[in-house]
Amino acid sequence: DAGITQSPRYKITETGRQVTLMCHQTWSHSYMFWYRQDLGHGLRLIYYSAAADITDKGEVPDGYVVSRSKTENFPLTLESATRSQTSVYFCASSPGLAGAPREQFFGPGTRLTVL
Amino acid sequence: ILNVEQSPQSLHVQEGDSTNFTCSFPSSNFYALHWYRWETAKSPEALFVMTLNGDEKKKGRISATLNTKEGYSYLYIKGSQPEDSATYLCATSGSARQLTFGSGTQLTVLP
């Protein structure tokens, strides 16, 4: 199906475990983003990518790792999960056209609970 | 203003009322201002992307204005309907498209 998908949609893990959240988009958008939703903070940017093999830190990158070997995929890895990383994670993508900035298209979110 | 700020935090209106909310942002190094609509249990959906001072955009009963010199944007909803109930987010974007969001205004439209 076309669009942007995230997997898993729900995940429960334990402190110290490594977890990878997947994001896949079918639009060939150049830009991809990871946000986390936290009460009192709204959506905060974790990492973003302007193209394959180009990634950069956002506002809250500590404890997370990203990669982008293919344009359509942008996995987010929690190297050693902590309880403070319990959150809802949203992936988004945006066209990489030159000129006027474009909107972002958000995936359905992954609800992660770290026990 | 160092961050993106939205007011009010929440708002209850009666069906048929018109309403508006405010987004304030740093006016220096401005690139673009985004408005998103976020319904409960769904994902944020883009409403408007605005770049020019004085710009006005409209989509159905929803419209937005932008003042980049003083660093604010207004979102207006005319004749609110229960289906307008959602959280409305504004965000500024940099040249690399990364968004800095405000905390949102939660709108509840009572039938």
Side-chain angles (χ1 to χ4, degrees), chain A residues 3-7 9-10 21 23 25 27 29-51 54-61 66 68 74 87-111, chain B residues 2-10 21 23-26 29-53 55 57 59 62 64 66 68 73 75 86-107:
Chain A
I4 183 166
T5 57
Q6 294 183 234
S7 62
R9 295 293 312 279
Y10 303 90
L21 310 183
C23 179
Q25 52 102 357
W27 295 304
H29 285 172
S30 294
Y31 290 89
M32 295 189 74
F33 309 84
W34 275 106
Y35 297 92
R36 56 178 287 172
Q37 177 193 3
D38 298 308
L39 283 174
H41 293 282
L43 288 171
R44 292 191 291 177
L45 181 65
I46 304 170
Y47 268 95
Y48 63 100
S49 170
I54 301 174
T55 62
D56 209 346
K57 296 178 180 179
E59 182 183 353
V60 288
V66 294
R68 191 149 178 228
F74 192 38
S87 186
V88 181
Y89 291 83
F90 287 95
C91 178
S93 69
S94 183
L97 300 174
R102 291 288 308 275
E103 69 270 43
Q104 293 185 13
F105 298 85
F106 283 79
T110 294
R111 183 175 294 275
Chain B
L2 298 179
N3 298 314
V4 179
E5 299 175 356
Q6 293 187 247
S7 63
Q9 186 174 1
S10 64
F21 353 112
C23 174
S24 301
F25 54 87
N29 299 317
F30 175 81
Y31 190 72
L33 189 284
H34 300 236
W35 281 101
Y36 286 81
R37 182 172 180 270
W38 193 2
E39 291 182 72
T40 301
K42 294 188 177 181
S43 306
E45 292 184 347
L47 289 172
F48 306 112
V49 181
M50 308 170 76
T51 58
L52 299 176
N53 184 47
D55 202 4
K57 297 217 171 181
K59 183 182 290 188
I62 304 176
L66 178 66
T68 60
S73 176
L75 188 78
T87 296
Y88 291 84
L89 299 171
C90 77
T92 55
S93 66
S95 57
R97 315 288 181 93
Q98 70 275 30
L99 295 178
T100 300
F101 283 93
S103 299
T105 292
Q106 185 174 11
L107 174 66

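The figures here come from the full heavy-atom set of this structure, side chains too, leaving out hydrogens, waters and symmetry mates. We name chains A, B, ... by the order of the sequence lines, and we start the count at 1 in each one.
- For Y36(B), the part lying near chain A is the side chain, with the backbone staying farther off; criterion is any non-hydrogen pair under 4.5 Å.
- For the side chain to side chain contact (heavy atoms under 4.5 Å, CB included) test with T92(B), the passing option among V4(B), L99(B), N29(B) is V4(B); the others fail.
- For chain B, no part of F105(A) is nearby; none of its heavy atoms comes within less than 4.5 Å.
- With rounding to the nearest 0.5 Å, the separation of CH2 in W38(B) from CD in Q106(B) is 11.0 Å.
- Going from atom CZ of F21(B) over to atom CD of Q6(B) covers 9.0 Å, rounded to the nearest 0.5 Å.
- With a 6.0 Å radius and a threshold of 12 heavy atoms from other residues, nucleotides or ligands, Q37(A) has its CD atom above the threshold.
- In terms of heavy-atom pairs under 4.5 Å with chain B, the best-connected choice from Q104(A), E59(A), R44(A) is Q104(A).
- With respect to chain A, the highest number of heavy-atom pairs below 4.5 Å among A46(B), S103(B), S43(B), G102(B) belongs to S43(B).
- Residues passing the side chain to side chain donor-acceptor pair (under 3.5 Å) test with S49(A) are R68(A), sequence neighbours excluded.
- No part of L47(B) comes within reach of chain A, as not one of its non-hydrogen atoms sits under 4.5 angstrom from that chain.
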